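I have placed the structure first, in the form of structure tokens, so that the comments after it can refer back to it.
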Amino acid sequence: MISILLLSCENKTSAVVSAKDNDVEKRIEALLKQMTLEEKIGQMYQISSFDNSGKMQELVKKGEIGSVLNLTNPEVINALQQVAMEESRLKIPLIVGRDVIHGFKTIFPIPLGQAASFNPQLVEDGARVAAIEAASCGINWTFAPMIDIARDPRWGRIAESLGEDPYLTSVLGAAMIKGFQSEDLSGRTAIAACPKHFVGYGAAEAGKDYNSTFIPERTLRNVYLPSFETAVRAGAATFMTSFNDNDGVPSSGNKFILDQVLRKEWQFDGFVVSDWESIREMIPHGFCKDEKEAAEKAVNAGVDMEMVSPTYTKYLKELLDEGKVKMATIDNAVRNILRIKFRLGLFENPFVDINSPSVLYAEEHLQKAKQAAIESAVLLKNEKATLPLNEQVKTIAVIGPMADAPHDQMGTWVFDGDKNYTQTPLKALQAAYGDKIRILYAKGTEYSRDKSTAGIPAAVAAARNADVALIFVGEESILSGEAHSLTDLHLQGAQSELIEAVAKTGKPVVTVVMAGRPLTIGRDVEHSQAVLYNFHPGTMGGPAIIDLLFGKAVPSGKLPVTFPKNAGQTPMYYAHNNTGRPYQGNETMLADIPLEAGQTSLGNTSFHLDAGFDPLYPFGYGLSYTTFEYSNLALSAGTLKPTDVLTVTIDITNTGKHDATEIAQLYTQDCFASVTRPVKELKRFERISLKAGEKKTLTFTLPVEELAFYNIDMKKVVEAGNFNLWVGPHSQEGLKASFVVN
Ligand code: NOJ
């Protein structure tokens, strides 16, 4: 019998959530009293700068727009803000939104890459740089971070995610929020964050963008909601609803998640914006018969501001007259929006100083972006210490469509980054080593999808004349991101043929991948002595990669997402539940089955005949130029109460020849419970730098209450019982200990 220990984990708010400020609340009420219904509805409308009705200025003047998205010219923003502040009746500033996802001008690695750093400080710094640059152009609101749990690499938006894990996503999402908003949301370089997409978007069926999701409440609460709850606690100013319908209810009309969870349970007091036309899209979803019903369902569910589609402006008045929407609902939405405008200091400082010196592409920003690219790279293979390259290398063949692809290495969701600032690997190599090393550049294929093999012989010839071949492959930036899902995750075009042909020369092949998702590169790995995986690394990807290849930096990144062997294994994630016939390591593969074998399932477990059980690379995996040894795992106690804090210590020794950083990971497993639990869950991680030969003791503290989960009664509890714990280099390896909670 499992005893259930109830913990008061729900409704816990931390000090970081901005407490309501009385002055602000008074100002909101004073303003609200003066507002006409049209002005209130106006605050709830976000217009796109692509709107070509020519009425934007006029609407701002009448107080009928609360926000605009996609303006980036500071002079234009100031001019529009001037209309709001000087010509509109109530002088309410506009909040100006933009997708500043992984940098504004200086582009950082895509979020999935940043997640590979397992470094909250680095992620925070990246968001800070993005905010400083965006704010300097008059943007005061970004639609980031995307903290959807993404477990399906077919889904193009996995690129924009922080990976598959709720804990990693929570920690890094909070870091991004801190970076965007800084300590002081009213500061001149702060921009409001907008955690998105609330909620479940990443679980799109078949990885097809916008597709339906079917996430039951328990899984929603255990897997998909924690990163958003953490975002509220981190003080996120706004939230965005997602496009998907979950179990039949589109998020923009989902009262349960918007009202019950977000407002009542989490006490969120910022505002909720819809995604782009997602309110109107509830019509094709088949959830609303027309725009009027869409407006009714969205506003009553708790969407405060409508992005782009104008159902609120068109129908809220009518719905109010008919009693289908209450004035109190509209007032509350306006309160939420005004609260954030006040917190952002927009009433005091609505304009951007266009005469201050430019901060765009500041040297400091570029250096931070380079460091981010270094820490985001994951070394997947390094046979016979092929890397780092040393001085004996006299001639290098640089091959592949991504070696010099300034646009594509920036990755998806780049609206403002300029490819002319991108430093590619080829250019970085030429700049750093051009005078010492002969560089033979032969692209092989023109771009990632290029199926032509015409360029391969020249690439092979270059490799023959070189000591080593560096092959830069991957995906063009447009192949991942919104609405860019795939079913085939192999390298596109003739890239695999290119690698194979070059490998046949017998020269060492170093494959450098730059992509927006995990690709199924098993075959390419076979043909390479070393593989360095970079999720699109951004503006400074080139110098970062060259430093890594030549050992000026040592790879430390770990995979924030499982790499499947083939797309047929997806969705695939380490924190799965066990079946009743868990994998035992004794797979009978396709070729092992005799002809005319009789029907049997005996001895078989949950696996694929043609792919086995394991992924190509597990979550958390990543090599270094050195080796690490884990020893002496110790727990502070073998039996704990739910109110206790477990202390875990472990020694880590750098047993190789390079100073390097290891990302140690702590996982737990709740062995049996009132509902089945994941085989492993990441609970802590730590970056630890060790000189060659050095040993350090790492200490983790884990409050037992963090083992709580939503149980059979949908209560967040720690259930008494047995737990396993591992500390190690990735999700499939580590020293193991056990403890009991009673
Ligand atoms: C649609 C995307 O889903 C969302 O993430 C983005 O912020 C908005 N468009 C605005 O561009």
Side-chain angles (χ1 to χ4, degrees), residues 45-51 65-72 94-104 110-112 127 130-131 134 137 139-150 155-162 169 173 176-177 180 191-204 207-213 224 227-228 231 236-246 250-252 254 270-282 284-285 298 303-310 340 411-417 477-478 480-485 516:
Y45 179 42
Q46 181 183 54
I47 196 165
S48 156
S49 69
F50 309 146
D51 178 281
I65 292 180
S67 173
V68 47
L69 84 155
N70 290 337
L71 285 182
T72 51
L94 295 163
I95 178 167
V96 181
R98 178 72 162 168
D99 288 288
V100 181
I101 307 298
H102 51 112
F104 179 62
I110 56 171
L112 192 58
C137 290
I139 291 155
N140 40 46
W141 182 21
T142 176
F143 305 119
M146 185 179 117
I147 49 175
D148 298 317
I149 301 307
W155 189 49
R157 294 197 86 167
I158 197 170
E160 205 187 336
S161 81
L162 296 165
T169 300
M176 261 192 198
I177 291 165
F180 287 132
I191 62 177
C194 185
K196 65 186 185 185
H197 306 82
F198 198 53
V199 64
Y201 186 34
K208 240 184 332 184
D209 211 356
Y210 316 125
N211 209 6
S212 298
T213 60
Y224 292 88
S227 53
F228 287 95
T238 72
F239 257 53
M240 185 190 291
T241 57
S242 57
F243 283 127
N244 58 296
D245 64 315
N246 185 42
S251 295
S252 296
N254 191 330
F271 74 85
V272 176
V273 65
S274 74
D275 202 345
W276 185 285
E277 298 195 332
S278 68
I279 296 183
R280 182 154 62 194
E281 286 179 11
M282 294 198 290
H285 262 301
V303 181
D304 303 309
M305 183 183 280
E306 178 169 18
M307 185 187 282
V308 180
S309 55
I340 296 308
T412 185
W413 279 112
V414 171
F415 288 136
D416 302 293
S477 56
I478 195 60
S480 60
E482 184 176 347
H484 288 83
S485 295

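When a ligand or atom number is given, it counts from 1 through the structure's own listing order. The model shown is predicted, which means the values in this text are computed figures rather than measured ones.
- Contact residues for ligand 1 (protein heavy atom closer than 4.0 angstrom to any ligand atom): Leu69, Asp99, Phe143, Arg157, Lys196, His197, Met240, Phe243, Asp275, Trp276, Met307, Trp413, Glu482.
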Could you give the side-chain donor-acceptor pairs of residues 65-72 under 3.5 Å, partners two or more places apart or in another chain?
unit_1, atom_1, unit_2, atom_2, d
Ser67, OG, Gln46, NE2, 3.0
Ser67, OG, Ile95, O, 2.6
Asn70, OD1, Arg98, NH1, 3.0

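- Checked by atom type, the side-chain pair Ser212/Asp245 shows a donor-acceptor distance below 3.5 Å.
- Side chain to side chain, Asn246 and Thr213 meet the donor-acceptor criterion of an N or O pair below 3.5 Å.
- In this view, Asp51 and Ser53 satisfy the side chain to side chain donor-acceptor pair (under 3.5 Å) rule, not counting sequence neighbours.
- By the side chain to side chain donor-acceptor pair (under 3.5 Å) test, Thr142 pairs with no residue at all, sequence neighbours left out.
- Between the side chains of Ser480 and Thr412, no donor-acceptor pair is found at a separation under 3.5 Å.
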